[in-house]
Visitor: 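Can you read through this structure? Questions will come right after.
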Amino acid sequence: MHPGHRPRIGIVADLGRATTGPWDDIYTMAPHNYVSAIADAGGAPVLIPSVEPYDEDPEAALADLDGIVFMGGRDFDPEIYGAEPHPESDRATEIRDRVELALGSAALERRMPILGICRGCQLLNLLYGGDLEQHLADRVDMKPHRDTLGVFTRHRVALEPGSRLAAVMEADGHQVASHHHQGAGRIGDGLRVVATAPDGVVEGLEDPEHPFCIGVQWHPEVTAEEDGGRLFLALVAQCSEAGRP
């Protein structure tokens, strides 16, 4: 990355049906609040399509990037972590699963700055060898985490003092925007739990040995104009400091 240039931050896009004018088709897409949060923090957002070349050749996607964001979305295929599907699990998006696993593994190997959001936090746990709890409602009250489909809920999380995440948020507690029914189960080797909800659900993970590898189960892009923007500012700052891997 050349001095003074905005660091290029990748976002792995999803596939979804949308209508534009007279056209109803499948589009490569990402919610605009992810894109605007990166841009407002000083980064240059770059959409990475979920397409087959990138699951076999992740370097083709990462070569010109300074950092990467793994955003929220549908549930991972539980076969990835050796589990049977729960009745409440989403139908998997196989190609996005494959692309994100490949890109995530390659980004970790490059020690590229990584921010995982919701599904992206779960991805990090899978990459480190952990697994997922498929339906939190089997043991906790879901209302704080996802009360109504399509509506973000708010609840507090406790941040681990001394963690990178607590330093970024400049607090030991934080009010978050939440919309999930799954979460980290067995924590992957090398990851540290750095945020929890009042009911004990894991809300944040980080690798203390990595320059910047943070996963949050909440949605900071939703509150980017409030304190959620601090995560994107920290990611962009790390990319600017480190330069391209």
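A quick note: this is a predicted structure, and the numbers were derived from the prediction, not measured. Just so it is clear, the values below take in all heavy atoms, side chains as well, and ignore hydrogens, waters and symmetry mates.
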Visitor: Which pairs of donor and acceptor atoms, one on a side chain in residues 40-48, lie under 3.5 Å apart (sequence neighbours left out)?
Guide:
none

Visitor: Side chains of Thr153 and Pro144: closer than 4.5 Å at any heavy-atom pair?
Guide: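 No, every pair of side-chain atoms sits at 4.5 Å or beyond.
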Visitor: If every non-hydrogen atom of Leu205 is compared with every non-hydrogen atom of Ile187, which pair is closest and at what distance?
Guide: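 Heavy atoms of Leu205 and Ile187 come nearest at CD2-CD1, 4.0 Å.
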Visitor: Please report the shortest heavy-atom distance between Pro7 and Val236, naming the atom on each side.
Guide: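 Heavy atoms of Pro7 and Val236 come nearest at CG-CG1, 3.6 Å.
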Visitor: Check His219, Gln182, Glu221 against Cys118 for a side chain to side chain contact (heavy atoms under 4.5 Å, CB included) and give me the one that passes.
Guide: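 Answer after filtering His219, Gln182, Glu221: His219.
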Visitor: Looking only at atom types and distance, does a side-chain atom of Ser50 sit under 3.5 Å from a main-chain N or O of Ala13, one as donor and one as acceptor?
Guide: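 Yes; judged by distance alone, with no hydrogens or angles, the pair exists.
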Visitor: So, Ser89 side chain and Pro85 main chain: donor-acceptor pair closer than 3.5 Å or not?
Guide: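 It does not hold such a pair.
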Visitor: Step by step, work out the side chain to side chain contact (heavy atoms under 4.5 Å, CB included) result for Met112 and Leu62.
Guide: CA-CA 9 Å; Met112 174 180 281; Leu62 298 180; 4.1 Å; yes
Visitor: Per the salt bridge (Lys or Arg N to Asp or Glu O under 4.0 Å) rule, what does the pair list look like for residues 134-143, sequence neighbours excluded?
Guide: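 Listed once each, the pairs are Glu133-Arg139, Lys143-Asp147.
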Visitor: Considering only heavy atoms from C-beta outward, does the side chain of Phe76 approach that of Leu132 to under 4.5 Å?
Guide: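 Yes, their side chains come closer than 4.5 Å.
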Visitor: Give every donor-acceptor pair under 3.5 Å between a side-chain atom in residues 163-173 and any protein atom, sequence neighbours left out.
Guide:
from	atom 1	to	atom 2	distance (Å)
Ser163	OG	Glu160	O	2.7
Ser163	OG	Ala166	N	3.0
Arg164	NH1	Pro211	O	2.5
Arg164	NH2	Gln238	OE1	3.1

Visitor: Scan for ring-ring contact (aromatic ring centres under 6.0 Å, His included) pairs involving residues 35-57, sequence neighbours excluded, and state none if there are none.
Guide: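 Residue pairs with at least one partner in residues 35-57: there are none.
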Visitor: Whether the side chain of Arg156 engages the backbone of Ala197 through a donor-acceptor N/O pair (distance < 3.5 Å, no angle test) should be reported.
Guide: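 No.
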Visitor: Is there a side-chain contact between Leu124 and Leu126 (heavy atoms, below 4.5 Å)?
Guide: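 Not in contact.
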Visitor: Answer yes or no: is there a side-chain heavy-atom contact under 4.5 Å between Val99 and Val51?
Guide: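 Not in contact.
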Visitor: Just to verify, what does Arg154 make a side chain to side chain contact (heavy atoms under 4.5 Å, CB included) with, not counting sequence neighbours?
Guide: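 Arg154: side chain to side chain contact (heavy atoms under 4.5 Å, CB included) contacts with Gln175, Ala177, Thr223, Glu226.
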Visitor: Verify, without hydrogens or angle tests, whether Asp207 (side chain) and Leu191 (backbone) share a donor-acceptor contact under 3.5 angstrom.
Guide: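 Side chain of Asp207 to backbone of Leu191: no pair is present.
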Visitor: Carefully, step by step, assess His174 and Glu203 under the rule side chain to side chain contact (heavy atoms under 4.5 Å, CB included).
Guide: CA-CA 11 Å; His174 181 49; Glu203 294 280 346; over 6 Å; no
Visitor: Please enumerate all residues that pass ring pair (Phe, Tyr, Trp, His ring centres under 6.0 Å) together with His86, with sequence neighbours excluded.
Guide: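 Applying ring pair (Phe, Tyr, Trp, His ring centres under 6.0 Å) to His86 gives His135.
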Visitor: Without swapping roles, check the side chain of Gln134 against the backbone of Glu84 for a donor-acceptor pair under 3.5 Å.
Guide: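 Yes: the side chain of Gln134 pairs with the backbone of Glu84.
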Visitor: Would you please test Leu136 and His180 for side chain to side chain contact (heavy atoms under 4.5 Å, CB included) and show each step?
Guide: CA-CA 9 Å; Leu136 295 171; His180 67 103; 3.5 Å; yes
Visitor: Do any N or O atoms from the side chain of Ser105 and from the backbone of Leu101 form a donor-acceptor pair under 3.5 angstrom?
Guide: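 Checking the backbone N and O of Leu101 against the side chain of Ser105, no donor-acceptor pair under 3.5 Å is found.
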Visitor: Please identify each residue that fulfils side chain to side chain contact (heavy atoms under 4.5 Å, CB included) with Arg17, with sequence neighbours left out.
Guide: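 For Arg17, the residues satisfying side chain to side chain contact (heavy atoms under 4.5 Å, CB included) (neighbours in sequence not counted) are Asp24, Ile26.
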Visitor: Pro31: what forms a side chain to side chain contact (heavy atoms under 4.5 Å, CB included) with it, not counting sequence neighbours?
Guide: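 If we apply the side chain to side chain contact (heavy atoms under 4.5 Å, CB included) test to Pro31, skipping adjacent residues, the hits are Asn33, Tyr34, Met71.
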Visitor: Keeping to residues at least two apart or across chains, list the side chain to side chain donor-acceptor pair (under 3.5 Å) pairs with something in residues 184-199.
Guide: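 Counting only pairs at least two positions apart or across chains, the side chain to side chain donor-acceptor pair (under 3.5 Å) contacts touching residues 184-199 are Asp131-Arg186, His145-Asp199.
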Visitor: Side-chain contact, heavy-atom cut-off 4.5 Å: Leu115 with Phe70?
Guide: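 They are not in contact (no side-chain heavy atoms under 4.5 Å apart), so the answer is no.
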Visitor: With sequence neighbours excluded, what pairs up with Asp97 under the salt bridge (charged side-chain N to carboxylate O under 4.0 Å, His left out) test?
Guide: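 Asp97: salt bridge (charged side-chain N to carboxylate O under 4.0 Å, His left out) contacts with Arg119.
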Visitor: Which residues pass the salt bridge (charged side-chain N to carboxylate O under 4.0 Å, His left out) test with Glu59, sequence neighbours left out?
Guide: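 Scan of Glu59 (salt bridge (charged side-chain N to carboxylate O under 4.0 Å, His left out), adjacent residues dropped) gives Arg110.
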Visitor: Can you tell me if Asp66 uses its side chain to pair, donor with acceptor, with the backbone of Arg8 under 3.5 Å?
Guide: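 Yes, Asp66 side chain to Arg8 backbone: donor-acceptor pair under 3.5 Å.
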Visitor: Test side chain to side chain contact (heavy atoms under 4.5 Å, CB included) on Ile9 and Ile68 and set out the steps.
Guide: CA-CA 5 Å; Ile9 311 294; Ile68 192 164; 5.8 Å; no
Visitor: Less than 6.0 Å separating the ring centroids of Trp218 and His155?
Guide: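 That pair fails the under 6.0 Å test.
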Visitor: Is there any salt bridge (Lys or Arg N to Asp or Glu O under 4.0 Å) pair reaching into residues 208-217, and which pairs are they, with sequence neighbours excluded?
Guide: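 Passing the test, one end in residues 208-217: no pairs.
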